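Data first, discussion second: the structure below is written as structure tokens.
Please read these numbers as outputs of a predicted model, since none were measured by experiment. Quick note on labels: first sequence line is chain A, next is B, and so on, each numbered from 1.
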2 protein chains.
Amino acid sequence: MLAAGISIADEDGLDALTMRRLGEALGIEAMSVYTHIANKEDLLNGMVDAVFAEIELPSHSDDWRTALRKRSVSFRQMLTRHPWAVSLKDSGTNPGPATLRHHDRVLGTLRNAGFSLPLTAHAFAALDSYIYGFAMQEKTLPFTTEEETAAMAQIMLARLAMADYPYLAELTAKHVLQPGYNFGHEFDFGLDLLLDGLERASAAQAGT
Amino acid sequence: MLAAGISIADEDGLDALTMRRLGEALGIEAMSVYTHIANKEDLLNGMVDAVFAEIELPSHSDDWRTALRKRSVSFRQMLTRHPWAVSLKDSGTNPGPATLRHHDRVLGTLRNAGFSLPLTAHAFAALDSYIYGFAMQEKTLPFTTEEETAAMAQIMLARLAMADYPYLAELTAKHVLQPGYNFGHEFDFGLDLLLDGLERASAAQAGT
DNA sequence: ACCTGAACACCGTTCAAGT
DNA sequence: ACCTGAACACCGTTCAAGT
């Protein structure tokens with residue numbers, strides 16, 4: 001049921017996930033779906049919680065930084081596999097058990113590493129904002145492979161009117177169009193910036 | 001036209017913005033809207049660009065950090081005023097002139113401060129990911145005022161089954177429920193973390 | 001050039017009816 | 001308990017028709 005919904009959303013996008021299509025995928029006559037779920041919102045909530053369960057939980061045996069780095073990378077990978085989860089997060093769902101468990105483990109990792117409650121709240125908000133925001137930007141991009149990127153950048157560059165947007169033109173021509181460019185690589189930079197900052201804040205707090 | 005659409009989305013949400021409702025707001029007979037716009041996607045693109053124009057551009061007279069801090073705060077304020085803009089960003093629009101101008105000025109601020117092209121790309125991706133992600137989290141929260149926060153936290157705490165999610169329960173009881181808590185305040189912490197990191201990265205680069 | 005009204009192909013959801 | 005089919009109140013959009 002949830003798995004069928006997830007498959008449709010993965011393959012053809014959230015718009016393709018209609019109750020009629022879901023019924024079809026289940027070999028069921030469309031409106032019978034309501035025997036199993038209360039309504040569509042219910043279904044979407046369940047799907048979000050299901051993919052949250054795919055995220056690697058922070059390990060107890062790693063130090064906090066390693067543990068949170070791994071789960072953050074895993075979190076982003078999940079959102080890349082299931083881009084629709086980014087859109088759903090934003091339409092205010094209430095969290096299911098896998099989501100709560102995930103959050104609890106992240107908080108626990110910080111608390112056990114000696115983070116104060118306020119600093120734990122800061123760290124949690126900063127990391128998850130960054131991860132969601134990055135996934136959203138990535139999802140918006142009209143390309144994924146390097147070939148597509150190059151093709152798209154060429155088009156944008158032509159349309160860009162260099163005189164009006166000189167810095168955008170420069171970045172596109174001299175950076176985005178260079179071989180090996182991949183927006184996804186930007187993820188690590190910002191993540192490490194945040195982790196560096198948290199490490200520093202944690203050390204400052206310990207010294208008080 | 002755009003203004004009418006923005007008003008409706010601001011007041012009653014993106015779902016309330018139907019072509020029929022927009023026609024009504026314009027004193028026009030619904031389907032006549034198509035005389036002015038090609039289709040709904042067109043309208044939404046225009047609305048996003050219109051609110052982008054509300055963001056304070058980085059000032060030429062400030063140093064890069066001050067300039068980008070101001071525009072980042074202004075960016076978030078815009079997304080708080082127009083939460084629907086977060087949802088629309090995520091459905092892959094192609095940027096209008098105000099958006100391009102904004103991006104160009106941010107890039108220019110970094111380049112003129114001596115940031116290399118790769119570091120400029122890093123900084124841009126990190127800041128905008130964080131701002132969008134934060135706005136998305138804020139938008140998802142089912143409360144805004146402190147009274148609503150307290151009421152909601154009480155309910156969640158009761159439902160939370162302390163034993164299953166001890167750290168979530170702790171954070172809710174001893175931090176979120178404390179007087180003066182406001183999720184919006186978390187924004188500055190993460191923003192400064194990123195700006196600190198960028199300052200350090202910029203200095204390291206200059207020393208090479 | 002701008003507006004109108006009826007229509008079309010879709011949605012999510014309800015409900016009486018069947019097994 | 002599970003499924004069905006017809007129906008309802010909505011969408012965005014098209015199109016022939018008016019001014």
[X] [atom1] to [N] [atom2], straight-line distance once rounded to whole Å:
X       : N      : atom1 : atom2 : result
A:Leu26 : D:dC3  : CG    : P     : 9 Å
B:Asn39 : D:dC11 : CG    : C1'   : 15 Å
A:Ile37 : C:dG12 : CD1   : C1'   : 10 Å
B:Leu22 : D:dG12 : CG    : C1'   : 13 Å
A:Glu29 : D:dA6  : CD    : P     : 10 Å
A:Glu24 : C:dG12 : CD    : P     : 13 Å

Using the benzene-type ring in the case of Trp, are the ring centres of A:Tyr130 and B:Phe134 under 6.0 Å apart?
no

Go through A:Lys139 and A:Thr80 one step at a time and tell me if the side chain to side chain donor-acceptor pair (under 3.5 Å) criterion holds.
CA-CA 8 Å; A:Lys139 171 171 141 62; A:Thr80 307; over 6 Å; no

Do [X] and [Y] sit within salt-bridge range, that is, some charged N less than 4.0 Å from a carboxylate O?
X       : Y        : value
A:Lys89 : A:Asp128 : no
A:Arg81 : A:Asp10  : no
B:Arg69 : B:Asp62  : no

Treating B:Asp104 as the side-chain partner and A:Leu168 as the backbone partner, does any N or O pair qualify as donor plus acceptor under 3.5 Å?
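Between the backbone of A:Leu168 and the side chain of B:Asp104 there is a qualifying donor-acceptor contact (under 3.5 Å).
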
So does B:Ile37 get a backbone contact from the side chain of B:Asp42, meaning a donor-acceptor N/O pair under 3.5 Å?
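No; judged by distance alone, with no hydrogens or angles, the pair does not exist.
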
Walk me through whether B:Asn39 and B:Tyr34 qualify under side chain to side chain donor-acceptor pair (under 3.5 Å).
CA-CA 7 Å; B:Asn39 49 38; B:Tyr34 285 93; over 6 Å; no

Between D:dC3 and A:His36, is there an OP1 or OP2 to side-chain N/O distance shorter than 4.0 Å?
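True: A:His36 side-chain N/O within range (under 4.0 Å) of D:dC3 OP1/OP2.
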
Is there a side-chain polar atom (N or O) of B:Ser32 under 4.0 Å from OP1 or OP2 of C:dC2?
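No, outside the criterion.
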
Only Watson-Crick and G-U wobble pairs with both distances less than 3.5 Å should count. Give DNA chain D in dot-bracket notation, marking inter-strand partners with |.
||.|||||...|||||.||

Just the table, please: protein N/O against nucleotides 14-19 of chain D N/O, every pair under 3.5 Å.
none

Taking the six-membered ring of A:Phe187 as reference, does the NZ or CZ atom of A:Arg76 fall below 6.0 Å from its centre and within a 45° cone about the axis?
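Yes, A:Arg76 sits over the ring of A:Phe187.
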
Heavy atoms, side chains only, cut-off 4.5 Å: are A:Pro118 and B:Tyr181 in contact?
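Contact flag for A:Pro118/B:Tyr181 side chains = no.
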
Specify the residues of residues 3-21 of chain B, ordered by number, for which at least one heavy atom lies under 4.0 angstrom from an atom of DNA chain C.
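The stretch gives B:Arg20 as the residues lying under 4.0 Å from the strand, ordered by number.
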
Side chain to side chain donor-acceptor pair (under 3.5 Å) evaluation trace for B:Asp90 with B:Ser87
CA-CA 5 Å; B:Asp90 130 277; B:Ser87 323; over 6 Å; no

